[in-house]
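Both backbone and side-chain heavy atoms feed into the values below; hydrogens, waters and symmetry mates do not.
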Amino acid sequence: MLAEDSVLLREGLIGLLSRCGHQVVSAVGNAQDLLAAVEEHAPDIVVTDVRMPPAFQDEGLHAAVRLREKHPTLPVLVLSQYVQRTYAAELLDSGDGTGLGYLLKDRVGQVEEFIEALHKVADGGTVLDPEVVRQLLRRRRDPLDQLTPREREVLALIAEGRSNSAIAKELVVSEAAIGKHIGNILTKLDLPATDTTHRRVLAVLTYLRA
């Protein structure tokens, strides 16, 4: 079962898999059709992209997670241009933990490499691109680890609802220094570039969850 929104890539994969002795029972271009086709055809393995219509964000990977929830032993191989950390982690935690793969398209340099990964996942194994592993390890690490002791102190005072001037007074430093610390905190926590007030709230939530 193949899910890929690019017609050229989809047809290319169908031809490749057919030449290697595999039957593609269905090939679709969006997540909804993927869900329906799996129910209809009960494939031995699903190969899916991450970004598909309508929003081209994480529809394919989200669908894969849903499929694994309903069919815990269904082998799934994700073949994507990038790592979607949230659903990638959920996918690896789904089902019975077997028959899973996540490869980046740019790193699949040889046909033999792709077919070998396909066979391994279909047989219940796990195949992960090294970059996927790196990203997931980064996600699971304490986000506050990269903050300096002073930045942690500033963040703790922000969590108490202190203003910049109040924090500066508490730590006996200039308000400009506090502003610099806050800027570093927001950058290191990789918070979305929205308004500063909203980012401060997100920083506090990160602190409380850590």
Side-chain angles (χ1 to χ4, degrees), residues 1-95 97-139 190 192:
M1 174 70 225
L2 177 62
E4 167 62 56
D5 67 284
S6 168
V7 176
L8 288 178
L9 182 54
R10 186 166 70 238
E11 292 301 317
L13 285 171
I14 291 173
L16 170 63
L17 291 168
S18 298
R19 288 195 301 274
C20 292
H22 299 284
Q23 178 186 4
V24 179
V25 295
S26 182
V28 300
N30 63 72
Q32 285 302 117
D33 287 347
L34 167 60
L35 295 173
V38 167
E39 297 305 318
E40 179 181 353
H41 298 284
D44 295 320
I45 185 172
V46 169
V47 179
T48 182
D49 190 10
V50 170
R51 291 182 171 178
M52 288 194 289
F56 293 96
Q57 294 182 354
D58 51 26
E59 291 86 352
L61 192 49
H62 188 197
V65 171
R66 289 177 60 188
L67 287 172
R68 290 280 294 188
E69 290 172 349
K70 189 170 184 179
H71 307 284
T73 61
L74 174 65
V76 174
L77 175 59
V78 175
L79 192 61
S80 180
Q81 292 284 7
Y82 80 118
V83 181
Q84 213 294 345
R85 287 187 289 173
T86 300
Y87 282 118
E90 285 193 27
L91 180 65
L92 294 177
D93 291 336
S94 67
T98 65
L100 291 171
Y102 198 131
L103 297 178
L104 298 184
K105 292 176 182 177
D106 292 344
R107 292 177 182 266
V108 182
Q110 299 180 359
V111 170
E112 293 80 5
E113 181 181 356
F114 169 63
I115 296 300
E116 181 181 352
L118 185 77
H119 289 170
K120 186 173 182 178
V121 172
D123 290 338
T126 300
V127 179
L128 294 178
D129 189 283
E131 178 63 16
V132 175
V133 175
R134 189 184 72 82
Q135 292 275 3
L136 293 179
L137 286 175
R138 178 183 173 189
R139 176 183 180 270
D190 194 26

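Of all the heavy atoms in Pro75 and Val121, the pair that sits closest is CB-O, 3.6 Å. Contact record, Leu77 with Leu118: CD2-CD1, 4.0 Å, taken as the closest heavy-atom pair. Glu131 and Val83 get closest at one heavy-atom pair: CG-CG2, 4.2 Å. Scanning all heavy atoms of the two residues, the minimum distance from Ile14 to Ala27 falls at CD1-CB, 3.6 Å. Shortest non-hydrogen contact noted between Tyr82 and Tyr102 is O-OH, 3.0 Å. Considering all non-hydrogen atoms of both residues, Pro43 and Leu74 come closest at O-CD1, 3.7 Å.
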Go through the steps for Thr48 and Leu61 under the test side chain to side chain contact (heavy atoms under 4.5 Å, CB included), then give the verdict. CA-CA 8 Å; Thr48 182; Leu61 192 49; over 6 Å; no
One pair to check against side chain to side chain contact (heavy atoms under 4.5 Å, CB included): Val24 and His22. What are the steps and the verdict? CA-CA 6 Å; Val24 179; His22 299 284; 5.8 Å; no
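For the atom pair Thr73 OG1 and Arg68 CZ, the distance stands at 7.5 Å (nearest 0.5 Å). With values rounded to the nearest 0.5 angstrom, Glu59 atom CD is found 10.0 Å from Gln32 atom CD. Separating the CZ atom in Phe56 from the CG atom in Asp5 is a distance of 5.0 Å, to the nearest 0.5 Å. Interatomic distance, CD of Glu69 versus CG of Leu91, reported as 10.0 Å (0.5 Å rounding). Separation of atoms CG (Leu34) and CD (Glu39) is listed at 10.0 Å; rounding is to 0.5 Å.
Ion pairing between Asp49 and Lys105 holds under the 4.0 Å rule for side-chain N and carboxylate O.
Of the possible donor and acceptor atoms, one in the side chain of Glu4 sits under 3.5 Å from a partner among the backbone N and O of Ser6. Judged purely by atom type and a 3.5 angstrom limit, Arg51 has no side-chain atom pairing as donor or acceptor with the backbone of Gly60. Looking at Asn30, its side chain does come within 3.5 Å of a backbone N or O of Asp33 through a donor-acceptor pair.
Other residues, nucleotides and ligands place more than 12 heavy atoms under 6.0 Å from the CD atom of Gln81. For CZ of Arg10, the number of neighbouring non-hydrogen atoms (other residues, nucleotides, ligands) closer than 6.0 Å is greater than 12.
A 4.5 Å side-chain heavy-atom check between Val28 and Met1 finds at least one atom pair inside the cut-off. Within the 4.5 Å cutoff, side-chain heavy atoms of Ile115 are placed close to those of Leu17.
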